[in-house]
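Inspection log for the structure reproduced underneath, given as structure tokens.
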Amino acid sequence: MIVVVAPGLLTTVQDGGRPGFRAFGVPVAGAMDRLSWALANALVGNRPGAAALEMTLLGGTFRFERSARVALCGADMRALLDGRPVAVDSTFQVPAGGQLVLGAATAGARTYLAVRGGIDVPEVLGSRSTYVRAGLGGFRGRTLAPGDRLLVGSAAGEPPPPGALPFRLVAPPRGPIRIRAIPGPQEELFTAAGIRSFFATPFEVTNRNDRMGYHLRGAPIEHAGGADIVSDPVVPGAVQVPASGAPIVMMMDAQTAGGYAKIATVIGADLRLMAQARMGDTVAFEECADGDAVEALREERRLLEGWTASPGTGRIAGKTREGAS
Amino acid sequence: MKPPIVRLLPQGECGIVVELGSSIDVVVNRRVVALAGAIAGELAGKIVEVVPTYRSLLVVFDPLRVSRAALARKIRALAARAGGRADRRPTPERRRVVEIPVVYGGDHGPDLEFVAGVAGLTPLEVVAIHSSCTYRVHMLGFTPGFPYLGGMSGQIAAPRLEVPRERVPSGSVGIAGEQTGIYPIESPGGWRLIGRTPLRLFDPDRQEPFLVAAGDEIRFAPIDPEEWERFQEGSR
């Protein structure tokens with residue numbers, strides 16, 4: 001049992017999401033930074049898809065009633081285990097009665113806490129992910145609160161040895177965060193100048209950024225005609241541009257359909273970069289061909305399989321190397 | 001009737017949007033629902049899911065398991081077939097009409113009088129009109145299980161609230177412009193509320209979590225407040 005002493009700013013249970021029900025208006029939800037989430041699970045030897053905690057900007061404080069193997073991946077929240085620092089992007093043993101305290105993210109926005117066995121909440125429509133707006137899934141359909149007690153699932157065998165990834169998943173941005181996007185599906189509803197400016201000028205992340213979408217600020221993107229279309233499908237990563245000309249990048253909790261013209265779609269492998277951006281950060285979109293996006297997805301899967309297929313075979317190096325992400 | 005123009009558009013590396021039209025149109029939507037069904041049936045196992053909307057649908061797939069080009073060919077072939085079929089009226093056994101019991105007015109429909117005022121009708125006349133139409137579920141969205149309905153009489157159209165309510169109770173039936181709809185879960189909303197159904201449009205714990213799907217038809221049946229509990233239990 002994990003006791004939530006303090007939940008942090010916005011902490012929810014997330015897994016790989018809830019595909020299969022979008023036709024009924026159910027957003028996919030799931031981890032915003034799926035690579036960090038998946039690697040946290042891999043580090044504790046969980047099967048792919050296990051539920052973990054997603055913390056946002058400010059981490060929580062957790063007391064472990066029983067000894068547990070834990071991994072932290074994503075933004076560095078200066079974690080302390082019983083007062084001693086533990087590295088992000090690493091896995092370590094928490095003793096029975098141990099207390100893990102996370103602070104504010106030094107860079108990036110989201111950190112995943114995986115525990116061996118996974119966070120055990122009931123599956124709703126095939127997923128443990130929390131979709132707060134509909135009170136669906138996760139821990140009672142909501143963000144964690146002080147006093148919540150989280151069950152941990154059981155796991156057979158031994159976990160991989162404690163250690164850290166040989167790279168950092170989230171590095172402090174130096175200059176604009178480059179995010180690749182595939183034009184369409186409605187790029188024809190924008191002028192050539194509008195499309196040019198979307199891919200050529202940087203945008204600033206506003207304070208309106210959450211699991212539903214990231215509202216950006218920058219040079220207005222010019223529509224060829226109106227901005228409104230008959231509502232049609234929206235995927236996480238879709239970049240909607242309302243009449244104001246300011247783009248909105250749809251994220252994991254986005255509605256399944258929307259009525260604004262969509263200029264481009266952030267590629268799956270890069271959506272985590274948006275998820276780790278915070279207010280005031282600058283992003284720059286780069287036009288991406290479909291084949292390159294598929295290749296990036298292949299690389300992401302390969303990286304994950306490397307960590308998942310052979311846990312505990314010495315691949316986990318003892319120290320971190322900066323800037324490899 | 002001419003074969004419909006089918007456009008395949010990319011939405012990221014895992015999505016193909018199949019566009020069958022550009023406006024809200026029953027004939028187009030019928031084609032969308034038919035094609036979505038054909039894709040879900042014939043390409044099961046090759047794709048992740050199909051999401052029908054008013055005039056287009058989304059096919060979600062894993063490009064490391066099936067190539068976009070191969071999938072696009074299959075979709076085009078199915079569209080050519082389904083397009084021809086959907087021009088005819090749906091066969092009777094495939095057409096599903098879902099009756100939604102509604103307590104109109106009072107606490108359950110606080111805006112019924114307003115809607116009547118806008119229309120220059122009595123509340124009872126508004127109820128009579130609203131419950132006499134058959135509505136098509138064009139698509140679901142906004143919140144889980146929320147049906148976008150077509151077919152409301154323009155006679156009972158009413159503007160949205162200027163300030164949306166923070167909490168609209170689940171089951172509320174509302175009017176916004178020439179649209180009518182049902183809130184499956186408690187959520188904020190700006191529609192004029194004329195009634196409420198005891199049925200749950202979305203219940204994740206139920207065998208069938210969703211009461212209606214795209215392509216279904218809905219009829220509203222007025223009930224007395226005393227009948228509320230009977231329908232509530234009947235829905236479980």
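Just so you know, these numbers use all the heavy atoms, side chains as well, and skip hydrogens, waters and symmetry mates. The sequence lines fix the lettering, A, B, ..., with proteins before strands; numbering per chain opens at 1.
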Task: Smallest separation among heavy atoms of B:Leu58 and A:Pro233, with atom names - done: CB-CB, 3.4 Å
- [ ] Could you tell me how the ring of A:Phe24 sits relative to the ring of B:Phe210: parallel (under 30°), tilted (30 to 60°) or perpendicular (over 60°)?
- [x] parallel
Task: Interface moiety of B:Leu57 toward chain A, non-hydrogen atoms closer than 4.5 Å - done: backbone
Task: Contacting moiety of B:Val60, where chain A heavy atoms sit under 4.5 Å - done: side chain
Task: Heavy atoms from other residues, nucleotides or ligands near OH of A:Tyr260 exceed 12 (cutoff 6.0 Å) - done: no
Task: Portion of B:Glu13 that has a non-hydrogen atom of chain A nearer than 4.5 angstrom - done: both
- [ ] Drop me the distance from B:Ser23's OG to A:Ile229's CD1, to the nearest 0.5 angstrom.
- [x] 12.5 Å
- [ ] Determine the option with the most heavy-atom pairs under 4.5 angstrom with chain B, choosing from A:Ala181, A:Ser231, A:Cys288, A:Pro183.
- [x] A:Ser231
- [ ] To the nearest 0.5 angstrom, please state how far the OG1 atom of B:Thr143 sits from the CD atom of A:Gln255.
- [x] 8.5 Å
Task: Interatomic distance, B:Leu64 atom CG to A:Arg298 atom CZ [nearest 0.5 angstrom] - done: 5.0 Å
Task: B:Ile185, part contacting chain A, at a heavy-atom distance under 4.5 Å - done: side chain
Open item on the list: Testing the basics here: between A:Pro19 and B:Val48, what is the closest heavy-atom pair and its distance to 0.1 Å?
Closed with: CB-CG1, 4.1 Å
TODO: Considering only heavy atoms and a distance below 4.5 Å, find which of A:Thr256, A:Leu297, A:Asp232 pairs most often with chain B.
DONE: A:Asp232
- [ ] Please state whether the side chain, the backbone, both or neither of A:Pro236 comes within less than 4.5 Å of a heavy atom of chain B.
- [x] neither
Task: Interface moiety of A:Val124 toward chain B, non-hydrogen atoms closer than 4.5 Å - done: side chain
- [ ] Considering non-hydrogen atoms only, spot the tightest contact between B:Pro63 and A:Val294 and give its length.
- [x] CB-CG2, 3.8 Å
- [ ] Check whether B:Val50 gets within reach of chain A through its side chain, its backbone, both or neither, counting any heavy atom under 4.5 Å.
- [x] backbone
Task: Cationic N near anionic O, under 4.0 Å, A:Glu188 to B:Arg7 - done: yes
Open item on the list: Let me confirm one number: the OG1-CD distance from A:Thr265 to B:Gln11, rounded to the nearest 0.5 Å.
Closed with: 4.5 Å
Task: Among the listed options A:Ala296, A:Gly237, A:Gly268, the residue most often paired with chain B at heavy-atom distances under 4.5 Å - done: A:Gly268
TODO: With a 4.5 angstrom heavy-atom cut-off, could you sort out which part of B:Ala214 is near chain A: side chain, backbone, both or neither?
DONE: neither
Open item on the list: Please classify the contact between B:Pro209 and chain A as side chain, backbone, both or neither, with a heavy-atom cut-off of under 4.5 Å.
Closed with: side chain
Task: Pick from A:Ile182, A:Val26, A:Leu136, A:Asp290 with the largest number of heavy-atom pairs that fall under 4.5 Å of chain B - done: A:Asp290
Task: Proximal component of B:Asp62, with respect to chain A [non-hydrogen, under 4.5 Å] - done: side chain
Task: Portion of B:Phe202 that has a non-hydrogen atom of chain A nearer than 4.5 angstrom - done: side chain
Open item on the list: Under 4.5 Å from any heavy atom of chain A, what part of B:Ser67 do you find: side chain, backbone, both or neither?
Closed with: neither
TODO: Below 4.5 Å from any heavy atom of chain B, which atoms of A:Phe21 appear? Answer side chain, backbone, both or neither.
DONE: both
